[in-house]
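For reference, the structure discussed in these notes is given below.
Nothing here was measured: the structure is a model prediction, and the numbers come from that model. So that the names make sense, note that chain A is the first sequence line, chain B the second, and so on, each numbered from 1.
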Amino acid sequence: MRAVPQGLARSRREGYPLAVRIASFNVNSIRAREQAVLDWVRGAQPDILCLQETKVEDDDFPTDEFLRLGYAVAMAGQPAYNGVAIAARGKIQDVCVGLVGDPPNADRRCIAATVDGLRVFSVYVPNGKSVGSPSFVEKLAFLERLRRTLDERESPDRELVVCGDFNVAADERDVYDPEAYRGQLHFHPDEHRALRGVLDFGLVDVFRHFHPEAGAFSWWDYRALAFAKNQGLRIDYAFVTRPLLSRCTGAFIDVGPRRLEKPSDHAPVVVDVA
DNA sequence: ATGGTAGTCGAACTA
């Protein structure tokens, strides 16, 4: 009997490339959400899970709990704010924290790693606070540095997935009320330009590739009964290079966790690869 | 309703 994590046996198909389920989940505190996230992992069985807004220093991350489920974890955390991680059933290699051109002591908003030959990014783009604010300028600069990081370190000709909370709704279909949001935070032309800059590296929005219809959201404000009224935005994405897109078999947003008591304000995005 | 709720940290900040 070999000591192999359960998931690997499930993912490997003899004579075929690895079948992989990749997920991205802004958990809004991994400590507040620990049981909800672990329960979701047990049910959805992702092979690779990108986490955002873990809001915890690395020593306090529930690493052992993930290990018990068969996942290794690479993390880049800080106290109280931000924090990203990648949990995976496979071996996690070549971990890289931050972006090319980051200022010293930058917020922990990006971690990259290689899992079974697949390059994975978990990204938490700054919210931006309000259009034109210093934080908004930093949001645009972050997206530019992400593009620069991809240019300098990765290739659109190789299999790569960039997962995360981008805090930008890509087009009208991603906003419950596009006319009310036009020009506002999350739906501003400057944000769209910056997001397009990232995608122009050679990335495709996998969920949108499989679901062209409007009205699928990944985030709902905690306030004003936004979830009950389905007043949401789609701001969480899995972007993949063309070589990886050709192996993708489907994608979905799992609203289940958003219905629970004390949920994250985001729902996980899931991508399946043959 | 320039409000509303949630998380961190123990007042105010971020989202």
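Residue-to-nucleotide proximity on DNA chain B shows that, of A/P126 and A/A80, the 5′-proximal contact is made by A/A80. Between A/P263 and A/H266, the residue whose closest nucleotide on DNA chain B is further toward the 5' end is A/P263.
In this structure, the nucleotide among B/dA15, B/dT8, B/dG7 sitting nearest to the side chain of A/R31 is B/dT8.
As a whole-Å value, the separation of A/I30 CD1 from B/dA6 P is 19 Å. A/D265 has its CG atom 10 Å from the P atom of B/dA6, to the nearest Å. Distance A/D60 CG to B/dG7 P: 18 Å, rounded to the nearest Å. Look at CH2 on A/W219: it is 8 Å from C1' on B/dA15, rounded to the nearest Å. In this structure, A/Q78 atom CD and B/dG7 atom C1' are separated by 14 Å, rounded to whole Å. The distance between atom CG of A/L233 and atom C1' of B/dA15, rounded to the nearest whole Å, is 13 Å. One interatomic measurement links the two molecules: CG of A/L225 to P of B/dA6, which rounds to 10 Å at whole-angstrom precision. Regarding A/R258, its CZ atom lies at a distance of 13 Å from the P atom of B/dT5, rounded to whole Å.
The backbone N or O of A/A226 lies less than 3.5 Å from no partner atom in the side chain of A/Q231, so there is not a single donor-acceptor pair. One N or O on the side chain of A/T149 and one on the backbone of A/V100 form a donor-acceptor pair closer than 3.5 Å.
When the P atom is used for both B/dG3 and B/dC13, the distance is 16 Å, rounded to whole Å. Taking the C1' atom of each, B/dA15 and B/dG4 are spaced 13 Å apart, rounded to whole Å.
At least one side-chain nitrogen or oxygen of A/K262 sits closer than 4.0 Å to the OP1 or OP2 atom of B/dG7.
The distance between the ring centers of A/F187 and A/H192 falls below 6.0 angstrom. For A/F136 and A/H188, the ring centers sit closer than 6.0 Å to each other.
At the heavy-atom level, A/R109 lies under 4.0 Å from the strands shown only through sugar-phosphate atoms. A/Y124 comes within 4.0 angstrom of the backbone, heavy atoms only, and of no base.
Relative to the six-membered ring of A/F227, A/R258 meets both conditions, a distance below 6.0 Å and an angle of at most 45° to the axis.
A tilted orientation is assigned to the rings of A/F61 and A/F66, their planes being inclined by 30° to 60°.
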Short N/O separations, protein against nucleotides 2-4 of chain B, under 3.5 angstrom:
residue, atom, partner, partner atom, Å
B/dG4, O6, A/R223, NH1, 3.2

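In the hydrophobic clustering (ILVMFWY side chains linked at under 4.5 Å, chained through shared members), A/L143 is joined by A/L99, A/F121, A/V123, A/V125, A/F142, A/L146, A/L150, A/L160, A/V162, A/F166, A/V168, A/L195, A/V198, A/L199, A/F201, A/L203, A/Y237, A/F239.
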